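Counting starts at 1 for both ligands and their atoms, following the listed order. Source: prediction; values computed, not measured.
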Amino acid sequence: MATISIAPFDQLFILTGAGISAESGIPTFREAGGLWRKYRIEEVASPYAWRRDPRLVWDFYSMRRRAASEAKPNSGHFALAALERTIHDRFFLCTQNVDNLHELAGSQRVLHMHGELFKSRCDSCHAPFNDANLYESPADLPRCSCGALIRPHICWFGETPFHLDLIFEALRQCTLFAAIGTSGIIEPAASFVSQVAARARTFYVGPEAPANSAIFDDCILGKSGDVLPVLFTFD
Ligand code: NAD
């Protein structure tokens, strides 16, 4: 199997997507049987949906919380946590996932560009709200002390992802870029590789080539739980 050698000067940017959590039993976005096949996105994951029917939105996210709370990190998550322990601040992990499996595997610094399933915030004043254990949407939807509804801390379709300033700075600095388990369709993450391709080595890891595969130097085809534990070597 191909390996990726990390030199002492390398700055590694890792982008993960739904595929890294697939072996933990969390459905990916588009694959057959995927969670989203059962829902119309615009009815559960958009500002329009929230305005139209906040209870339906909370039912959907409570269900996703229940599913994610039963999942355990897999060997792919553990391999990335071990890599961070080895190269410390030369490692930058950006995930599109809203589950907490990277953290449960031991990753210390994880940027969740699409938000976090177990966090909520005020829809108006944006104050964080502690309801991580809320797995059923209650009879009365939670409200902030300012009176506004509490919403999931999720970047819905049509909203701006989180932490973009930190992410673009890390992309500018990286010398090695690896995307793992992401279909290369959802922007802006799908374009990260083209922003670094002229000066960084770029790799994709997943069972099938992503939509943007032509831009990567190398696509390593396989499940991330099989590939990642033996992928990295050190110069
Ligand atoms: P996607 O569903 O569009 O693509 C998943 C990719 O993972 C596919 O290319 C597939 O080939 C690959 N894959 C499947 N099994 C794999 C495995 N064992 N190892 C490695 N790769 C595997 O997902 P996306 O590109 O991340 O975009 C979907 C959006 O949906 C994201 O924005 C994300 O926020 C959201 N989402 C998140 C979760 C989660 O938090 N776990 C789950 C579903 C969707």
Practice task
Could you tell me how the ring of Phe192 sits relative to the ring of Phe13: parallel (under 30°), tilted (30 to 60°) or perpendicular (over 60°)?
Solution key: perpendicular

Exercise for the section: With heavy atoms of Lys223 as the reference, note each atom of ligand 1 found under 4.0 Å away. Expected result: 18 (N), 19 (N)

Exercise for the section: Take Phe60 and Glu43 through the test side-chain contact (heavy atoms from CB on, under 4.5 Å) and record every step on the way to the result. Expected result: CA-CA 10 Å; Phe60 175 69; Glu43 284 175 6; over 6 Å; no

Problem - Proximity winner for atom 5 (C) of ligand 1, if only heavy atoms of Gly181, Ser21, Pro27 are counted - result: Gly181

Exercise for the section: Would you check the N or O atoms of Val205, main chain and side chain alike, for any that come under 3.5 Å of an N or O of ligand 1? Expected result: no

Handout entry: Gly225 backbone acceptor or donor facing Glu23 side chain under 3.5 Å
Key = yes

Practice task
Take every heavy atom of Ala189, measure it against each atom of ligand 1, and state whether any distance is under 4.0 Å.
Solution key: no

Problem - ring pair (Phe, Tyr, Trp, His ring centres under 6.0 Å) partner of Phe162, the single match among His126, His153, His112 - result: His153

Practice task
Give yes or no for whether the N/O distance cutoff of 3.5 Å, strictly under, is met between Gly222 and ligand 1.
Solution key: no

Problem - Option with minimal heavy-atom separation from atom 31 (C) of ligand 1, where the choices are Glu208, His114, Glu116 - result: His114

Handout entry: Aromatic plane relationship, Trp50 with Trp58 - under 30° parallel, 30 to 60° tilted, over 60° perpendicular
Key = perpendicular

Practice task
May I ask you to decide if Val110's main-chain N or O and Glu103's side chain share a donor-acceptor pair within less than 3.5 Å?
Solution key: no

Handout entry: For atom 22 (C) of ligand 1, the option (of Pro207, Gly206, Ala22, Gly25) bearing the nearest heavy atom
Key = Pro207

Practice task
Check the pair Phe216 / Phe177 against side-chain contact (heavy atoms from CB on, under 4.5 Å), numbers first and verdict last.
Solution key: CA-CA 9 Å; Phe216 287 90; Phe177 175 94; 3.9 Å; yes

Completion exercise
Numbered in order shown, the ligand 1 atoms found under 4.0 Å of a heavy atom of Gly17 are 26 (O)

Completion exercise
So the atoms of ligand 1 within less than 4.0 Å of a heavy atom of Glu23 turn out to be 17 (C), 18 (N), 19 (N)

Practice task
Report yes or no: does Ile185 have a heavy atom closer than 4.0 Å to ligand 1?
Solution key: no

Handout entry: Main-chain N/O of Cys174 paired to Arg199 side chain as donor or acceptor, under 3.5 Å
Key = yes

Problem - Side-chain donor-acceptor pair present, Glu187, Ser191, cut-off under 3.5 Å - result: yes

Handout entry: Test of proximity, Val98 against ligand 1: N or O pairs below 3.5 Å
Key = yes

Practice task
Just jot down the ligand 1 atoms closer than 4.0 angstrom to any heavy atom of Ile26, in number order.
Solution key: 41 (N)

Problem - Interfacing atoms of ligand 1 (cut-off 4.0 Å, heavy-atom, Tyr204) - result: 9 (O)

